[in-house]
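We use all heavy atoms of the structure for the numbers below, so side chains are in, but hydrogens, waters and symmetry mates are not.
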Amino acid sequence: MTKHLYDATTATGEAVTVDTGWERGRQCFFLTVFAGEDVRYDSDTDARSFPHGMRLPDVTTVLGGLGLALPETVRAALTQDEAANAAPYIRHHPAA
């Protein structure tokens, strides 16, 4: 699984950390948003339960619903990860 981490601020001013990436084994993306130690969103427990796993548009839609954007550098990295079926690695991105 790849992991892309970045800090962001929601439209309401809440500081969060976004953790997203490509799950090689499941062939889909994951998304978790933390506010401190509290989980604000976790794709693994989302009631919509994306039947075929999260796709990149799903990641963007969920983030938008939380008042967050997906930085272009992260979007590009996720696109590359999916295309390459990337092996595990972790990358920290600048704050959004």
Side-chain angles (χ1 to χ4, degrees):
M1 146 184 340
T2 66
K3 289 179 77 74
H4 297 275
L5 301 155
Y6 65 95
D7 295 323
T9 304
T10 67
T12 61
E14 183 176 33
V16 297
T17 298
V18 177
D19 178 3
T20 187
W22 176 250
E23 289 195 52
R24 191 177 194 180
R26 292 176 54 198
Q27 294 291 293
C28 63
F29 294 100
F30 72 89
L31 175 65
T32 309
V33 179
F34 299 94
E37 294 185 18
D38 296 329
V39 176
R40 292 288 185 250
Y41 177 84
D42 182 353
S43 58
D44 285 339
T45 60
D46 188 335
R48 290 175 278 200
S49 64
F50 304 99
H52 302 290
M54 280 191 113
R55 300 290 160 223
L56 194 51
D58 300 325
V59 173
T60 303
T61 298
V62 169
L63 286 173
L66 296 170
L68 299 164
L70 182 65
E72 189 53 42
T73 57
V74 178
R75 178 186 308 281
L78 292 172
T79 300
Q80 284 183 320
D81 290 352
E82 180 179 23
N85 199 27
Y89 73 92
I90 298 173
R91 180 174 173 197
H92 295 267
H93 295 264

Passes side chain to side chain contact (heavy atoms under 4.5 Å, CB included), Thr10 versus Leu66? Steps please. CA-CA 7 Å; Thr10 67; Leu66 296 170; 5.5 Å; no

Taking all heavy atoms of [X] and all of [Y], pick out the closest pair and write down the distance.
X	Y	answer
Ala87	Thr2	O-CG2, 3.6 Å
Gly53	Cys28	CA-CB, 3.6 Å
Asn85	Arg24	O-NE, 3.1 Å
Leu31	Thr20	CD1-CB, 3.9 Å
Ala69	Leu63	O-CD1, 4.2 Å
Ile90	His92	CG2-NE2, 4.0 Å

With hydrophobic residues grouped by side-chain heavy-atom distances under 4.5 Å, do Leu56 and Val18 end up in a single group?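 Per the 4.5 Å side-chain linkage, Leu56 and Val18 are co-clustered.
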
Spell out, yes or no, whether Tyr41 and Val74 are grouped together once hydrophobic residues are joined by side-chain heavy atoms under 4.5 Å, including indirect joins.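 Yes; Val74 is reachable from Tyr41 via cluster members.
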
Find the distance between [atom1] ([X]) and [atom2] ([Y]) and round it off to the nearest 0.5 Å.
X	Y	atom1	atom2	result
Thr60	Met54	OG1	CE	9.0 Å
Phe29	Glu23	CZ	CD	10.5 Å
His52	Gln27	NE2	CD	14.0 Å

With Tyr6 via side-chain hydrogen bond (donor to acceptor under 3.5 Å, both in side chains) - residues at least two apart: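 With sequence neighbours excluded, Tyr6 shows a side-chain hydrogen bond (donor to acceptor under 3.5 Å, both in side chains) to no residue whatsoever.
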
Test: salt bridge (charged side-chain N to carboxylate O under 4.0 Å, His left out). Region: residues 62-83. Which pairs qualify, not counting sequence neighbours?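 Pairs touching residues 62-83 that pass the test: Glu72-Arg75.
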
Which pairs with one or both residues in residues 29-42 pass salt bridge (charged side-chain N to carboxylate O under 4.0 Å, His left out), sequence neighbours excluded?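 Checked against salt bridge (charged side-chain N to carboxylate O under 4.0 Å, His left out) - neighbours excluded - the pairs reaching residues 29-42 are Glu14-Arg40.
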
His4 and Phe30: aromatic ring centres closer than 6.0 Å?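 His4 vs Phe30: aromatic centres not under 6.0 Å.
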
